[in-house]
Amino acid sequence: MKFKKLFSAIAAVALAAAMAVTASADVIWEPYESDFYTKYQEDAEYYYNARQFVSNVDVDIYDEPYKNVKSVLKAGTPQYVSLVVTDDDGSRWGSFGYSDGNSVFDAWICLDGMSLVYDSTEFIKDHEGEFTAYNGELADVSLEGKDIYFWKYPGSCDCTAANNFPEDIENYFDRVYTDDLGSWGYIGYMMGERDVWVYLDDPTNPVPEKLADILAQTEIVTLPPEKTVPVLEEAVTGNNSENPPTEDNTSTYLPAVILAVSAAAIAAVCLAVFGRKKKSDGE
């Protein structure tokens, strides 16, 4: 009986840890150990759907603004940012979880001189007042057994496949945008997906014929930088500056993954050890 209770407790921990990996996709990375963040936290801008910034020159990655340089974001590489803080000098700093291959740490980049990659948030601002309510555009479209495709915004040149979506996906469209290429349904949130668009005219096709010209584009669409590049005091270079970032430096959930794997491993070991003990005692 004691063994059963112990195993149940360990299994519960493993399950909770595994769920943490999924749940982490719905939270914002926050640099809680940063004195800089603590000072400006009250006025920070938070992005539940991380936004990308890009520069035409290399940008230093700091572990704390104006302090240790840990790595370099190569020119032309978009960086996802979860929150933005403006300091007393008016400089804007973006924060994210960064892995250098050996560890995960709070990272910062100065956004002055960097361009915001155009996204759904900007699209909605630009087209305010042009949206209509969803009116059953997908009612007669068979989606069973197929992937649908999520676009960053109407007219973006890339999309991602989604094969795990609810049967009542129509209930998640809260607005529709129509242009000369067709109609697009907007989903604010659905099963972990945020701020995505579905091409209602051809939702299961990643290369709709009407979008051929758009899909042929390769340049990243950006907005002009809000500020010019500041002249920063020379920072102390950290030990990890030789490790350049990868192209997809999204907020990292490595700790949650380690916790889930470790909990599962502990459960397996305890099952083997206590299982053998119970059998031995019964012999």
Side-chain angles (χ1 to χ4, degrees), residues 20-34 36-37 40-41 43-55 59-65 70-87 91-100 103-126 149-154 156-162 172 186-198 220-227 244-257:
V21 176
T22 302
S24 62
D26 290 335
V27 299
I28 293 178
W29 174 278
E30 293 186 72
Y32 288 113
E33 298 181 1
S34 167
F36 181 86
Y37 176 59
Y40 298 105
Q41 181 177 3
D43 297 320
E45 302 173 45
Y46 298 95
Y47 303 144
Y48 280 97
N49 192 36
R51 307 188 76 180
Q52 291 180 294
F53 291 83
V54 66
S55 174
V59 177
D60 288 333
I61 296 177
Y62 297 78
D63 64 356
E64 185 83 343
K70 303 293 289 187
S71 190
V72 175
L73 180 69
K74 295 298 183 182
T77 303
Q79 172 61 56
Y80 281 100
V81 167
S82 301
L83 62 90
V84 173
V85 170
T86 302
D87 65 20
S91 289
R92 300 174 73 239
W93 291 85
S95 181
F96 52 96
Y98 174 72
S99 172
D100 60 5
S103 60
V104 180
F105 58 87
D106 299 332
W108 297 83
I109 53 175
C110 185
L111 301 179
D112 296 348
M114 298 189 71
S115 298
L116 174 67
V117 176
Y118 195 81
D119 56 17
S120 179
T121 300
E122 289 302 312
F123 181 88
I124 290 174
K125 289 180 183 178
D126 290 344
Y149 289 86
F150 293 144
W151 301 78
K152 292 182 179 179
Y153 58 88
S156 63
C157 62
D158 59 342
C159 61
T160 57
Y172 289 88
Y186 173 75
I187 296 176
Y189 181 85
M190 180 188 70
M191 298 176 62
E193 295 288 348
R194 290 183 181 274
D195 218 19
V196 295
W197 296 80
V198 175
I220 299 175
V221 180
T222 61
L223 300 178
E226 292 188 11
K227 290 187 63 177
T246 57
E247 185 167 338
D248 186 16
N249 289 324
T250 57
S251 296
T252 306
Y253 303 114
L254 184 59
V257 176

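- Closest heavy-atom contact between A44 and V85: CB-CG2, 3.9 Å.
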Open item on the list: Applying side-chain hydrogen bond (donor to acceptor under 3.5 Å, both in side chains) to D195 and S120, what does each step give before you reach the verdict?
Closed with: CA-CA 7 Å; D195 218 19; S120 179; 3.2 Å; yes
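- Because its NZ or CZ atom is not both nearer than 6.0 Å to the ring centre of Y98 and within 45° of the ring axis, K70 does not count as a cation-pi partner of that residue.
- For the pair T222 and Y118, the minimum side-chain heavy-atom distance is 4.5 Å or more.
- A distance of 6.0 Å or more separates the ring centres of Y80 and F96.
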- [ ] May I have the step-by-step check of side chain to side chain contact (heavy atoms under 4.5 Å, CB included) for L83 and E30, ending in yes or no?
- [x] CA-CA 8 Å; L83 62 90; E30 293 186 72; 4.2 Å; yes
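- Using a 4.5 Å heavy-atom threshold, the side chains of V221 and C157 count as separate.
- Using a 4.5 Å heavy-atom cutoff, the side chains of D87 and P65 are not in contact.
- Atom-to-atom distance recorded for E45:CD and R51:CZ is 9.0 Å, nearest 0.5 angstrom.
- Between Y186 and W197, the ring planes lie tilted relative to each other; the angle falls in the 30° to 60° range.
- Taking 4.5 Å as the limit, every side-chain heavy atom of V198 sits out of range of all side-chain heavy atoms of Y172.
- In this structure the side chain of T121 never reaches within 4.5 angstrom of the side chain of Y47, judged on heavy atoms.
- Under the 6.0 Å cut-off for aromatic ring centres, Y40 and W93 do not qualify, their centroids lying 6.0 Å or more apart.
- For the atom pair CD1 of I109 and OG of S71, the computed distance is 11.5 Å after rounding to the nearest 0.5 Å.
- Considering all non-hydrogen atoms of both residues, V104 and S99 come closest at CG2-CB, 4.2 Å.
- Atom CG in D112 sits 9.0 Å away from atom CD in E226 (nearest 0.5 Å).
- Across all non-hydrogen atoms, the minimal contact from V117 to P78 is CG2-CB, 4.5 Å.
- Counting heavy atoms from C-beta on, the side chains of D60 and V72 come closer than 4.5 Å.
- Once rounded to the nearest 0.5 Å, the distance linking CG of L223 with CZ of F53 reads 9.5 Å.
- For CD of E33, the number of neighbouring non-hydrogen atoms (other residues, nucleotides, ligands) closer than 6.0 Å is 12 at most.
- At a threshold of 4.5 Å between non-hydrogen side-chain atoms, the residues K152 and F123 do not count as touching.
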TODO: List the steps, then state whether side chain to side chain contact (heavy atoms under 4.5 Å, CB included) holds for M114 with R92.
DONE: CA-CA 10 Å; M114 298 189 71; R92 300 174 73 239; over 6 Å; no
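- In this structure, the separation between OG on S82 and CG on N49 is 10.0 Å, given to the nearest 0.5 Å.
- Between W108 and Y37, the two ring planes are tilted [angle within 30° to 60°].
- The distance from atom OH of Y46 to atom OG of S95, rounded to the nearest 0.5 Å, is 10.0 Å.
- The heavy-atom pair separating I61 from A107 by the smallest distance is CG2-CB, 3.8 Å.
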